[in-house]
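First comes the structure, then the notes that go with it.
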Amino acid sequence: MELPHLYVLILLLNMFDFSSGITYNKGDTEARFACDSEGIPPRDEMIKLYLSSDDLKIQCFFQSEAEFTTKEFLSVFTSAGLAPSLEIINSTYTGVFHFNLTLYSDRVYWLIDIPRENITKNTDIAAVEEWLVRITLQYGLNIYTTEGTLLDTVREPILHWKLGTMMKKRTIQRLYPHVVDLKTTKCPCANDVALLGFVMNTTFDGVYIGLSFSGFWDYDDTQWYNLTDMVYSQVGEEHKQLSVVDMVLTNHFLVILTSLGLFISGDLRYPSSSVLMLSRVDFCGFERVDYIKGKLWYNERCFANREHFEVDYVTITFDRNRTLSEANSCFYSKEPFLEWLPCLPPVPKGTKTILSTVITFLVDQEQSSAVYLFHNQKNTIVSVRILKHNKPDLIQKFPPFSFPSSFSSPVGMIFHPRSHFLYAYGNQVWLSIDGGNTFDLIADFHDDIIKNTYHSFYTSDITLVSQSGKVYLTKAGLGKYSKIGSISDKVFTLYYDHMGFIHKLTPDHFEAGGSLAAFGNSKGIFGQAFDMGFDTALAPQYLTLNEMIFYAYVPKNEPKDRVHTKQFYDIHFGKLIHSRKTGTAYIRKVFQHNTPEGFLSSVIAELIDPFGIEEVNESSCLSSSLSISEAGNHSYKLSLQLQTPGVISSFQDSDIEKTVVIPGYSSFLITTILDNENALAVATMPEIVPHNMTFQKDSWFLYNFGKRNGQTWNIYAKPCNYWFQQHDDSLSLSVLKYIDLGKSHTLKMKVIPNTKLLRTLEIPLLQVIVGNPNLLEVKVEGYFDETDSYIMEVSTASKTLHQGSTSLEFIVWGASTECYVTTFVPVLKSSCSYLKSMHHIPSETIPLEDWMSGVYVNSQGFNMIKVLPINYRPPSNMGIAIPLTDHFYHADPSKPIPRNLFYKSKRSGKFKQCANATTRKECNCTNDQKFSYAVAFSDCREKVPRFKFPVIQYPVSLQVYSEDGNFPVETPYLVTVTEVNNRENWNLSRICFLLQLLQL
């Protein structure tokens, strides 16, 4: 009887979430739906769905801590006409599917069956985005929104290979004592597909790699492979001490650096055998002692629906001194990684150069430039050079940027995935937003050094891990960071999955961070909120009723190597100071200075909650009046004068490190108790010290921000203070927009302040950065609405005949690192969308039934349909017996390949749809693919139009098909006729192009 009341309650609780858009940062929401595509959904686990060659069947049930059963929940929702909706989203596509409302009496879950072709018609192996899935109780209403992922296992390249000899768990367990480090790499388009490599000590040989397609959520789901025999087959078994050193998984290739050399896989899109084969790259003069100190560098970008200007680069650097005979310690290559070139271009003879070590070399694909991080005994420099024909030139794009001498231990440089944020890290962290022209200091770790960085493209999280095990968090593009904990494991690595959840991986177990929330940070593996305070006293000084300065005290006798531990730094910017009594203040600015004496740093903070003052029972001196006089040596003497006879009032040792606050005058931090009536103190503002003045009791106050008698104050990260909302048709944080020539696109977003009791500054809340400002015309307009929300509209247009891609970075610069979304990075391509295609309209239409039969006779008795032979390849200019094209037609892997006797013919020809299949049936060709003119589906094409040779006066009519509809081709399209199989002996004369209102 109570179920209808429960239903009403559910609707009332969620009525304020009824919104057609997604608002981020509103706080963690509990995952209410449990779903699975491979059986009964497990409770309280991340939703991981997998798309095979069959239809996608998903079972979902509603999970709740209430006493009602899942079956009862389904009954209530169904009787009200409510059933979940499933949104499948990637950077260019959003599809909505609805679960069936029909409820069987014995069913406890909702069920949906989606044909694969309703999600994607493609089945070829290629780099393809992993989808985000979003399940809500009712489409358009954000009720119980739960997110997960959907991986296309048919198309993901690495999943079609057996990496080596498969290993059992007990065999893996024998390796644990010999593992000294871990290396991870993940698929750029599907971050849940990842590899984990064991770095072995010298007592155990081997290359051991684990493959996960579920984001390392479960250790038992990882498939382990032994690649040792494969490596030894290349180098010889007489070599010993073999181990993984580093790995990179690009869009199409796997690069493995071992202690015995660098190994490259073949193109993962074209499985030629069941076992992955590796080839070794030779670097003359380099041996094991060099390889074990080598490092791979990679600019992670997803090349789904790849354009011709998109190519992967990988760099290898060696930690060795350059000599006259060995001038290079850095090499790079672009796919297919067959040719490795020195990172430094040849220098003309007679040119003076400063001998420096190349720490990192990266290719900036947005600006087509080469970025170097150099280091020598004197300084650290970033140099950016122009990239010509995929090679760095001697010409500098910008003047070299020299870091200050304090950046003494650089470790590396990296682009945040899918963005133009460039980070240099070591004992400091620096950020460049303009491709290496300038850098801004983000963090200074002094004697500690950041050894590794870990990135999530989806949430913009960047985790920094120092050599001492301390863990810090920043967000891409944000000028602030937080300390979030530490890790005590001797052997570990961190990894972000596709949804931005962080995982701690160790040799024998995996640990995921945070709860399975729909939105929210996942830092649970580092414990609770971390105190970023430090071991010293603070002296508060009021500026106004709502604003104050906190000075950090450094005693005169403090050892020099400990001074830096008693200061405010950039890490404290944007954080909250909490008092043990009561009170909170928001740090708006951080200062470093040499005066006043005893205070080397301070912060300006905005008061949120008033701080509690000391009471008489805590400090009896408050019962007296107070006079102040100079004591010399930058100190002041505070003297008590008893006002009420018989009252005990004196300074006590517990008053040391407490601060005397006098409205309108300088504050005084008590440092020494001379006697019951006198104490020494240092002034926060010596210019406004009240000389020779006496203040009656109750006109001066005492605050306790000391450390002498236990911790009285803390600094924590500020809770998320802004909501972020997209006013766009995209429902994902990963967005890709194509802008064709003469077209434009507008992005709109809103930032909603959630700053309780804090002032809203009347300055733009969003910062916009264009990765390649020369590619598109970008116009930005921002304004505040009546609710103090900040709205920004960005219009982009393609005005030039120049193809390329650029990122747009939108940064909520005032946001806390606790926010789920602080940075939004859409990618814009000046190119024709893969969803847009130009189709030739045949001069004579052949009915579908004739295509099926293979016979269509024209008025002259000529059959217009040609049934192609199995595994047909068109002839080349070398003759009909020597085909050279890579395209097969009417492919059948089980049948012999005709005209395949000559060497060049054997090297050409690659199955696409039929790759890794053994029969034509396994190619899974659909009817649409069998009649498609697209080269990608040539394997499936069985019949083609037939014409008499030569073709004369053939009318060419073209139409453009896009997501916006179909329309005839018009200017400014430049039509070029080519032969897709590179044939040269074809003849197409007197062509008549039929364009809209234009005849050529």
Side-chain angles (χ1 to χ4, degrees), residues 37 49-58 86-98 112-133 149-157 159-160 189-190 251-252 269-271 302-307 732 736 738 831-842 848 851-852 868 886-893 910-917 919-944 959-966 980:
S37 58
L49 306 178
Y50 302 97
L51 181 63
S52 66
S53 56
D54 299 326
D55 295 347
L56 178 63
K57 297 180 180 180
I58 304 173
L86 171 71
E87 296 171 84
I88 299 179
I89 307 161
N90 63 17
S91 63
T92 58
Y93 165 84
T94 299
V96 181
F97 304 90
H98 302 283
I112 191 171
D113 191 340
I114 308 172
R116 177 186 171 89
E117 61 185 18
N118 288 3
I119 302 173
T120 177
K121 296 185 185 318
N122 299 324
T123 55
D124 60 308
I125 300 174
V128 59
E129 282 188 273
E130 185 173 0
W131 285 290
L132 167 73
V133 295
T149 57
L150 172 64
L151 178 67
D152 191 342
T153 58
V154 172
R155 304 191 66 197
E156 186 58 45
L159 299 183
H160 290 267
C189 294
N251 286 273
H252 306 135
R269 294 171 295 174
Y270 307 112
C302 174
F303 291 155
N305 308 302
R306 179 183 174 185
E307 305 276 357
S732 172
L736 171 62
Y738 289 86
S831 179
C832 182
S833 169
Y834 75 98
L835 297 173
K836 180 184 291 186
S837 58
M838 185 180 293
H839 290 245
H840 162 243
I841 307 302
L848 179 60
W851 274 115
M852 299 297 291
L868 297 174
D886 280 339
H887 308 309
F888 281 103
Y889 295 84
H890 202 171
D892 187 344
K910 296 178 181 178
F911 289 129
K912 296 183 285 293
Q913 181 80 9
C914 296
N916 218 26
T919 64
R920 181 164 179 79
K921 183 178 180 181
E922 292 179 3
C923 298
N924 294 315
C925 292
T926 65
N927 284 331
D928 289 337
Q929 292 169 346
K930 290 179 179 179
F931 295 112
S932 173
Y933 287 92
V935 172
F937 303 122
S938 65
D939 288 2
C940 297
R941 186 84 198 208
E942 300 173 353
K943 307 179 184 76
V944 293
Q959 263 198 336
V960 172
Y961 288 68
S962 72
E963 58 269 40
D964 299 323
N966 308 338
V980 296

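Positions are given from 1, in the same order as the sequence printed here.
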> Does Met852 reach the side chain of Phe931, with side-chain heavy atoms less than 4.5 Å apart?
Replying inline: yes
> Is there side-chain contact between Arg306 and His252, with heavy atoms separated by less than 4.5 Å?
Replying inline: yes
> Can you tell if the side chain of Ile119 reaches within under 4.5 Å of the side chain of Trp131, non-hydrogen atoms only?
Replying inline: yes
> Would you say the side-chain atoms of Asn251 pair up with the backbone N or O of Phe303, donor to acceptor, closer than 3.5 Å?
Replying inline: yes
> Going by heavy atoms in the side chains, are Phe97 and Ile112 under 4.5 Å from each other?
Replying inline: yes
>> Looking at Arg920 and Glu942, is any side-chain nitrogen of the basic one under 4.0 Å from a carboxylate oxygen of the acidic one?
In response: yes
>> Can you confirm whether His98 sits close enough to Leu86 that some side-chain heavy atom of one is under 4.5 Å from a side-chain heavy atom of the other?
In response: no
> What's the spacing between Ile58 CD1 and Leu49 CG if we round to 0.5 Å?
Replying inline: 4.5 Å
> With side chains defined as the heavy atoms from C-beta onward, is the minimum distance between Ile125 and Tyr270 less than 4.5 Å?
Replying inline: no
>> I'd like to check the side-chain hydrogen bond (donor to acceptor under 3.5 Å, both in side chains) partners of Lys943; sequence neighbours left out, ordered by chain and number.
In response: none
> Taking only residues two or more places apart in sequence or in another chain, which ones pass side-chain hydrogen bond (donor to acceptor under 3.5 Å, both in side chains) with Thr149?
Replying inline: Glu130, Asp192
> Judged by modelled atom types alone, do Lys121 and Thr926 share a side-chain donor-acceptor pair under 3.5 Å?
Replying inline: no
> For Tyr933, is the NZ or CZ atom of Arg941 found under 6.0 angstrom from the centre of its six-membered ring and inside 45 degrees of the ring axis?
Replying inline: yes
> To the nearest 0.5 Å, how far apart are CG in Leu151 and OG in Ser37?
Replying inline: 9.5 Å
> Under the salt bridge (Lys or Arg N to Asp or Glu O under 4.0 Å) test, which residues partner Asp152, sequence neighbours left out?
Replying inline: Arg116
> Run the side-chain contact (heavy atoms from CB on, under 4.5 Å) check on Val935 and His887 step by step: do they pass?
Replying inline: CA-CA 7 Å; Val935 172; His887 308 309; 2.9 Å; yes
>> Quick check: closest heavy atoms across Ala190 and Glu156, and the distance to 0.1 Å?
In response: CB-OE1, 3.7 Å
>> Quick check: closest heavy atoms across Cys189 and Val128, and the distance to 0.1 Å?
In response: CB-O, 3.4 Å
> At their closest point, which heavy atom of Arg269 faces which heavy atom of Ala915, and how far apart are they?
Replying inline: O-CB, 4.2 Å
>> Looking at every non-hydrogen atom in both residues, tell me the closest pair between Asp55 and Pro115 and how far apart they are.
In response: OD1-CA, 3.3 Å
> Do Phe911 and Phe888 have ring centroids that are under 6.0 Å from one another?
Replying inline: yes
>> If I compare all heavy atoms of Lys912 with all of Asp886, which pair ends up nearest, and what's the gap?
In response: NZ-O, 4.4 Å
> Under 2.5 Å between the SG atoms of Cys914 and Cys923?
Replying inline: yes
> Would you call Glu129 and Cys302 a side-chain contact if the rule is heavy atoms closer than 4.5 Å?
Replying inline: yes
>> My understanding is that only residues two or more places apart in sequence, or in another chain, count here; which of them pass side-chain hydrogen bond (donor to acceptor under 3.5 Å, both in side chains) with Glu117?
In response: none
> Residues two or more places apart in sequence or in another chain: which of them pass side chain to side chain contact (heavy atoms under 4.5 Å, CB included) with Asn122?
Replying inline: Thr120, Asp124, Arg155, Phe937
> Considering residues, nucleotides and ligands other than Lys57, do more than 12 of their heavy atoms fall under 6.0 Å from its NZ?
Replying inline: no
>> Taking side-chain hydrogen bond (donor to acceptor under 3.5 Å, both in side chains) as the definition, give me every residue that meets it alongside His160, ordered by chain and number, with sequence neighbours left out.
In response: none
>> To the nearest 0.5 Å, what is the distance between SG on Cys925 and NE2 on His890?
In response: 9.0 Å
>> Could you go through Tyr738 and Asn305, starting from their C-alpha distance and side-chain angles, then the distance that decides it, and tell me whether this counts as side-chain contact (heavy atoms from CB on, under 4.5 Å)?
In response: CA-CA 12 Å; Tyr738 289 86; Asn305 308 302; 4.0 Å; yes
>> Main chain of Leu736, side chain of Thr92: is a donor-acceptor contact present, judged purely on distance under 3.5 Å?
In response: no
> Is Leu868 close to Val944 at the side-chain level, that is, under 4.5 Å between some pair of heavy atoms?
Replying inline: yes
> Rounded to the nearest 0.5 Å, how far apart are CD1 of Ile88 and CG of Leu56?
Replying inline: 6.0 Å
>> For the CD1 atom of Ile89 and the CG atom of Leu132, what is their distance to the nearest 0.5 Å?
In response: 5.0 Å
